Amino acid sequence: MNKTYTILNYGCQMNESDSEHYAGQLSDLGYHYTEDFHEADVILINTCCVRESAEKKILGKIGEMKAVKAKDPHKVLCVTGCMAQKDGEDFLKTYPQVDLLIGTAHVNNFKAILQEYLAEKNRKAGIYNDLTIMPQEFEGHFVRKSEYAAWVPIMYGCNNFCTYCIVPYVRGRERSRSAEAICEEIRKAVALGYREFTLLGQNVNSYGKDRGEANAFAQLLRQVDRIPGVERVRYMTSHPRDMSEELIKAVAESRHVCKHFHIPVQSGSTRIMQAMNRGYTRESYLELVRRIRSYVPNAVLTTDIIVGFPGETEEDFAQTMSLFDEVRYDAAYTFIYSKRSGTPAAAMEDQVPEAVKKDRMNRLMELQNKHRLKHNQELVGKTLPIMVEGLSHNNKQMWSGRTDGNKLVLWPVGDRIFNPGDVVPVTIEKAQTWLLKGRAEL
Ligand code: SAH
Ligand code: SF4
Ligand code: F3S
């Protein structure tokens with residue numbers, strides 16, 4: 001038997017983690033991975049619907065599969081993830097090339113659903129409308145993409161209902177895993193050679209609240225920090241409204257939790273923050289930034305930002321620009337507002353014209369790139385611990401790795417061979433906007 005599968009993954013880290021679950025289940029059934037979907041017996045497309053641009057790209061790919069399936073009807077095409085959850089049964093009607101549709105709460109049942117399909121050949125939507133159920137603990141093994149860095153979901157869903165966002169509708173309410181299950185999974189991965197762990201949730205600061213626990217995320221971080229063999233701990237995403245002093249202290253006092261704070265601000269204008277239902281103001285957010293820097297002076301700060309939210313005036317946008325000048329982020333993920341039907345913001349008046357959104361986006365990116373370059377230049381001459389990723393994809397004469405703040409660093413291949421996950425002291429010699437270059441001190 002030589003059956004193969006491929007997975008095309010879109011969207012956030014939670015989806016990447018789900019894809020590793022799917023890969024594990026396919027491998028349990030005896031399937032081998034192939035990169036080429038033309039070869040694969042099972043093609044799984046794990047989808048995202050956070051912005052229209054993501055949906056368009058994915059629909060293009062699903063369209064392409066029509067011809068692939070016509071040529072080779074035995075192939076099984078599975079569409080999973082957030083778009084599948086959002087569109088449900090309608091999706092199967094519109095796209096006859098799709099055989100199985102799997103919702104976001106169904107990840108762990110995939111193996112059973114696929115086996116049933118192979119026996120009965122009934123096209124099927126495996127969607128739970130009830131997104132309050134807790135995905136069961138995963139019994140099988142993961143097939144992880146990385147050899148040294150592991151995603152670890154700690155909770156599912158989101159209760160925040162930011163007015164622009166589709167995620168709460170497709171991922172359901174917050175459900176936390178137990179700390180024991182999380183630590184057990186990490187210990188097992190350490191035994192397999194994993195060194196870096198990213199704890200995942202839409203709002204990790206709410207971790208444990210659904211189980212009636214207070215300040216549970218700070219405690220979980222302290223617990224994970226003590227697991228022998230854990231070199232680096234990251235987490236995402238933490239909502240600025242819920243970022244407690246206790247959590248900042250836990251990061252500051254830990255040995256292995258990266259001194260990197262990703263605190264998505266979304267807008268610099270209090271008026272727009274409120275229209276977004278973010279639950280903080282410009283002042284309280286800046287206070288949080290000051291608190292983080294008082295505990296962790298060299299903290300790397302990054303953010304997510306949306307330009308062109310409905311009703312955003314030139315004055316509101318100027319507030320975003322000035323907030324960026326005040327905070328001076330190391331990096332920012334900038335998004336143009338995308339209307340998601342069913343969310344409150346989609347029905348708001350004063351939608352901002354596309355050309356205005358694009359112009360604001362360009363101005364903000366230009367400003368952010370300046371800040372980023374300046375931060376990188378401040379690292380020149382410093383020797384930093386770098387976790388090795390491997391040889392650089394673009395230049396096999398260079399090693400590549402990441403700083404604690406997740407910045408990409410390259411250094412020349414010398415006599416020493418490094419393994420992914422090793423930590424190497426590297427002195428930074430050259431700073432560019434997107435890249436640092438240096439020399440290893442070993
Ligand atoms: N739960 C995480 C991630 C949410 S999705 C968080 O709260 O940070 C990742 C990012 O996508 C968000 O932070 C936001 O900046 C962006 N985003 C979400 N919905 C969007 C929309 N409708 N249009 C544009 N960007 C959006
Ligand atoms: Fe979306 Fe807001 Fe939840 Fe993040 S916190 S997933 S932006 S609703
Ligand atoms: Fe996209 Fe779903 Fe993640 S909508 S961003 S894949 S939670």
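First listed ligand is number 1; within each ligand, the first listed atom is number 1. The shown structure was predicted, so the numbers you read here are calculated from the model rather than taken from an experiment.
Nearest protein neighbour of atom 25 (N) of ligand 1, counting heavy atoms only, is Arg51 NH1, 3.2 Å. Closest to atom 4 (Fe) of ligand 2 among all protein heavy atoms lies Gln202 O, 4.4 Å. From the protein, the heavy atom lying nearest to atom 8 (S) of ligand 2 is Cys162 N, 3.3 Å. Summary of contacts: the protein heavy atom closest to atom 23 (N) of ligand 1 is Ser338 N, 2.9 Å. Residue, atom and distance of the protein heavy atom nearest to atom 3 (Fe) of ligand 2 are Cys158 SG, 2.3 Å. From the protein, the heavy atom lying nearest to atom 8 (O) of ligand 1 is Thr237 CG2, 3.1 Å. The shortest contact between atom 7 (S) of ligand 2 and any protein heavy atom is with Tyr164 OH, 3.3 Å. Nearest non-hydrogen protein atom to atom 13 (O) of ligand 1 is Asp304 OD2, 2.7 Å. Protein heavy atom closest to atom 19 (N) of ligand 1, with residue, atom name and distance, is Tyr164 CD1, 3.3 Å. Atom 5 (S) of ligand 2 has its closest protein heavy atom at Asn160 ND2, 3.3 Å. Here the protein heavy atom with the shortest distance to atom 1 (Fe) of ligand 2 is Cys165 SG, 2.4 Å.
At least one heavy atom of Gln202 sits under 4.0 Å from some atom of ligand 3. The shortest separation from a heavy atom of Cys49 to ligand 3 is under 4.0 Å, placing the residue in contact. Contact between Arg171 and ligand 3 is present, with at least one heavy atom of the residue lying under 4.0 Å from the ligand. Within the structure, ligand 1 has Ile306 among the residues with a heavy atom less than 4.0 angstrom away. Taking 4.0 Å as the cut-off, Arg278 counts as a neighbour of ligand 2 on heavy-atom distance.
Remark: aromatic rings of Tyr337 and Tyr164 are distant, center separation not under 6.0 Å.
Proximity to Tyr337 (heavy-atom distance under 4.0 Å) selects the following atoms of ligand 1: 23 (N), 24 (C). Those atoms of ligand 3 with a heavy atom of Asn15 less than 4.0 angstrom away are 6 (S). Counting atoms of ligand 3 from 1 in the listed order, those under 4.0 Å from a heavy atom of Cys82 are 2 (Fe), 4 (S), 6 (S), 7 (S). Residue Phe161 has at least one heavy-atom neighbour below 4.0 Å for each of these atoms of ligand 2: 8 (S). Using a 4.0 Å cut-off to heavy atoms of Cys48, the atoms of ligand 3 that qualify are 1 (Fe), 4 (S), 5 (S), 6 (S). Residue Val50 has at least one heavy-atom neighbour below 4.0 Å for each of these atoms of ligand 3: 1 (Fe), 4 (S), 5 (S). Contact atoms of ligand 2 toward Pro168: 8 (S) (distance under 4.0 Å to a heavy atom of the residue). Less than 4.0 angstrom separates some heavy atom of Gln266 from each of these atoms of ligand 1: 12 (C), 13 (O), 14 (C), 15 (O). Within the listing of ligand 1, atoms 8 (O) sit less than 4.0 angstrom from a heavy atom of Pro264. Less than 4.0 angstrom separates some heavy atom of Arg340 from each of these atoms of ligand 1: 22 (N). For ligand 2, the atoms sitting less than 4.0 Å from at least one non-hydrogen atom of Val167 are 6 (S), numbered in the order shown with element in parentheses.
Counting heavy atoms only, Ile336 comes closest to atom 24 (C) of ligand 1 of the residues Val50, Ile336, Val307. Scanning Gln202, Met276, Arg278 for the heavy atom closest to atom 3 (C) of ligand 1 points to Gln202.
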- request: Go through the steps to decide whether Arg328 and Glu378 satisfy the test salt bridge (Lys or Arg N to Asp or Glu O under 4.0 Å), and finish with yes or no.
  value: CA-CA 13 Å; Arg328 297 211 312 124; Glu378 284 161 9; 3.6 Å; yes
task: Mind running ring-ring contact (aromatic ring centres under 6.0 Å, His included) on Tyr235 and Phe217 for me, showing each step along the way?
output: CA-CA 10 Å; Tyr235 55 89; Phe217 185 59; 5.4 Å; yes
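Between Lys86 and Glu55, some side-chain heavy-atom pair lies under the 4.5 Å cut-off. Side-chain contact between Tyr169 and Gln85 is absent, with no heavy atoms from C-beta onward closer than 4.5 Å. The closest side-chain heavy-atom distance from Leu77 to Lys69 is below 4.5 Å. Contact annotation: the side chain of Lys407 approaches that of His375 to within less than 4.5 Å [non-hydrogen atoms, C-beta and beyond].
Within the coordination shell of atom 3 (Fe) of ligand 3, defined by N, O or S atoms under 2.8 Å, Cys12 is present.
Counting heavy-atom neighbours within 6.0 Å of Glu35 CD, excluding the residue itself, gives a total of 12 or less. Atom CD of Glu366 has 12 or fewer heavy atoms from other residues, nucleotides or ligands within 6.0 Å.
Geometric assessment of Arg278 against the ring of Tyr280 yields a negative cation-pi assignment under the 6.0 Å and 45° thresholds. Remark: Arg171 fails to qualify as a cation-pi partner of Tyr156 under the 6.0 Å distance and 45° angle criteria applied to the six-membered ring.
Side chains of Glu147 and Tyr194: a donor-acceptor N/O pair is absent below 3.5 angstrom, by distance only.
Among the candidates Tyr33, Phe37, Tyr22, the single residue satisfying the ring pair (Phe, Tyr, Trp, His ring centres under 6.0 Å) test with Tyr5 is Tyr33. Checked options Asn9, Asn108, Thr104, Val107; the residue passing with Asp18 is Val107 (criterion: side chain to side chain contact (heavy atoms under 4.5 Å, CB included)).
Taking the charged nitrogens against the carboxylate oxygens, Lys75 and Asp41 have no contact shorter than 4.0 Å, which rules out a salt bridge.
Judged by distance alone, the side chain of Thr198 and the main-chain N or O of Arg234 form no donor-acceptor pair under 3.5 Å.
Under the 30°/60° scheme for interplanar angles, the aromatic rings of Phe91 and Tyr95 are found to be tilted.
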